[in-house]
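The structure appears below as structure tokens.
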2 protein chains.
Amino acid sequence: MTEIALRERRRRQTEREIGDAALDLFEAGGVDGTTVDDIARAAGISPRTFFRYFPSKERAALVPHVELDERVEAMLAGLSADRPLLDQLEEVWREVLLALDDGRSEAGRLLLRVRRLMRAEPALRLAAAAVDEERLDALVGHLVRLVGADDDLEPRLVVETAGVAVRVSLDRWAGAREAGRAVDLLETYAQACRVVRSPGR
Amino acid sequence: MTEIALRERRRRQTEREIGDAALDLFEAGGVDGTTVDDIARAAGISPRTFFRYFPSKERAALVPHVELDERVEAMLAGLSADRPLLDQLEEVWREVLLALDDGRSEAGRLLLRVRRLMRAEPALRLAAAAVDEERLDALVGHLVRLVGADDDLEPRLVVETAGVAVRVSLDRWAGAREAGRAVDLLETYAQACRVVRSPGR
DNA sequence: GGTCAACCTGGCAGTCAGTGCCAACACGGC
DNA sequence: GCCGTGTTGGCACTGACTGCCAGGTTGACC
């Protein structure tokens, strides 16, 4: 029992250490300019061990934020079949963006670094897309079960649509921050949701 | 002049030959089970030459359909700033899907094979996502210039939203076809557009 | 018809990502 | 102190991808 929890905590810590090292190196020398050996050396582990923690070097920059993830999980578990799904999803993502506290919270600071990097690194965008795909697929599955649909077309479209608003908002936020401009993430997201809801002019 | 056109035609032909070989092999043994050497051998070229045609093995399965691409290009060039962009984009994509003729046209047959493969092959989905990203970015740039916006938030969201409808429709089409069910691509797309336009309930 | 220049191609050698296998090791439970 | 489980690192290997160079092709031009 406690043993498992202990190991889990240890694992998380190592994960974070490797992730931090990767992020530093990626920022300093680009993803292509950084080898797995570099990351492993910086994190004090062997390359072989690196691949026991991450399936690719890009993924090391995308360590999930456990605490935030758990909150999302809880919110998604609480979705109701009785209200429009898009409304509820937008509320959930809004909560998440709020938790980033414009880059001041732990999760926010981290995500800001990652999204900034992503803007310059196609390889990172790809890796992030793969992660997103998995998560959104799972979410679609959940929604299908929730509303008892025999067809996942609508849930899938709603999930993807909501996802687009989030992704575009985050990207613009990171881009503006990088350029020194201040952009309110939540306001951008609200605007994005508006556009997505009535995209014709 | 003519020389360039000739070389271009030659190049296209080789591209198609390599692409066909890759598609065959991917269908037979999966993407992971196929090496670049395999593809090169089947296409009668050296591995070194393969990489002069494609930047990765996955991309060999995603050879653009020149004829269709040119039509799309022409349609996108004819977009007007005076009508809602989403309406126009949906019309363009509708034309494209129409040209697939439910998998009976050359382009349709090819795309059906590719989309089928993509459903089983994450690596292919990733590669396709990278291609899409580039194209959609270019389209967003075009729209920004067209409407003279100082801000690409709205065009980007519109383009991505329209893209989601297309992608989801194609995926469902390929999936249904694979399962032996008949699904009308255009009808699915129309339904997807409807959902995307009023995603709440 | 021969020469020139601009490609196109293949081979070679090298880097690096990622994996299977095995031996050493850490550690909590007994 | 011993045991089982899980973690780690080294080794060797496959395979993607690249830079470089040495022929070969081909159309253009005299």
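The sequence lines fix the lettering, A, B, ..., with proteins before strands; numbering per chain opens at 1.
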Would you mind classifying the nucleic acid contact of Y53(A) as base, sugar-phosphate or nothing, using non-hydrogen atoms under 4.0 angstrom?
-> sugar-phosphate
In terms of the nearest nucleotide of DNA chain D, which residue is placed more toward the 5' end: F54(B) or R10(B)?
-> F54(B)
Beyond-backbone contact of Y189(B) with L170(B), side-chain heavy atoms, under 4.5 angstrom | no
Within this structure, what is the CD1-to-C1' distance between I45(A) and dA26(C), rounded to whole angstrom?
-> 17 Å
Would you mind reading off the distance between L25(A) atom CG and dA17(C) atom P, rounded to a whole angstrom?
-> 12 Å
With a non-hydrogen cut-off below 4.0 angstrom, is P55(B) in contact with a base, only sugar-phosphate, or nothing?
-> sugar-phosphate
Can you tell me the distance, in whole Å, between the CD atom of Q13(B) and the C1' atom of dC8(C)?
-> 15 Å
Roughly how many Å is it from CZ in R11(B) to C1' in dT25(D), rounded to a whole number?
-> 16 Å
Which nucleotide in dT7(D), dC8(C), dA16(D) has an atom nearest any side-chain atom of R7(B) = dC8(C)
Which one, dT8(D), dT7(D), dG11(C), comes nearest to the side chain of T49(A)?
-> dT8(D)
Check every strand shown and say whether R52(B) touches a base, only sugar-phosphate, or nothing at a heavy-atom separation below 4.0 Å.
-> base
Side-chain donor/acceptor contact of R48(B) with base of dG19(D) under 3.5 Å | yes
Take W173(B) and D184(B) through the side chain to side chain donor-acceptor pair (under 3.5 Å) test and state the conclusion after the steps.
-> CA-CA 7 Å; W173(B) 175 55; D184(B) 188 285; over 6 Å; no
Residues E17(A), Q13(A); criterion side chain to side chain donor-acceptor pair (under 3.5 Å); working and verdict = CA-CA 6 Å; E17(A) 283 169 11; Q13(A) 167 144 10; 3.2 Å; yes
Counting only heavy atoms not in R177(B), do more than 12 sit closer than 6.0 Å to its CZ atom?
-> yes
Looking for any heavy atom pair under 4.0 Å, which part of the strands does T34(A) touch: base, sugar-phosphate only, or nothing?
-> sugar-phosphate
Between the side chain of T49(A) and the main-chain N/O of I45(A), is any donor-acceptor distance below 3.5 Å?
-> no
In whole angstrom, give the distance that lies between atom CZ of F50(A) and atom P of dG10(D).
-> 16 Å
Rounded to whole Å, the CG-P distance (D37(A) to dG9(D)) equals 13 Å
d(CZ, R9(A); P, dG28(C)) in whole Å = 12 Å
Minimum-distance nucleotide (side-chain atoms of K57(A) versus dC7(C), dA17(C), dA16(D)) | dA17(C)
Between dG28(C) atom P and E8(A) atom CD, what is the distance in whole Å?
-> 16 Å
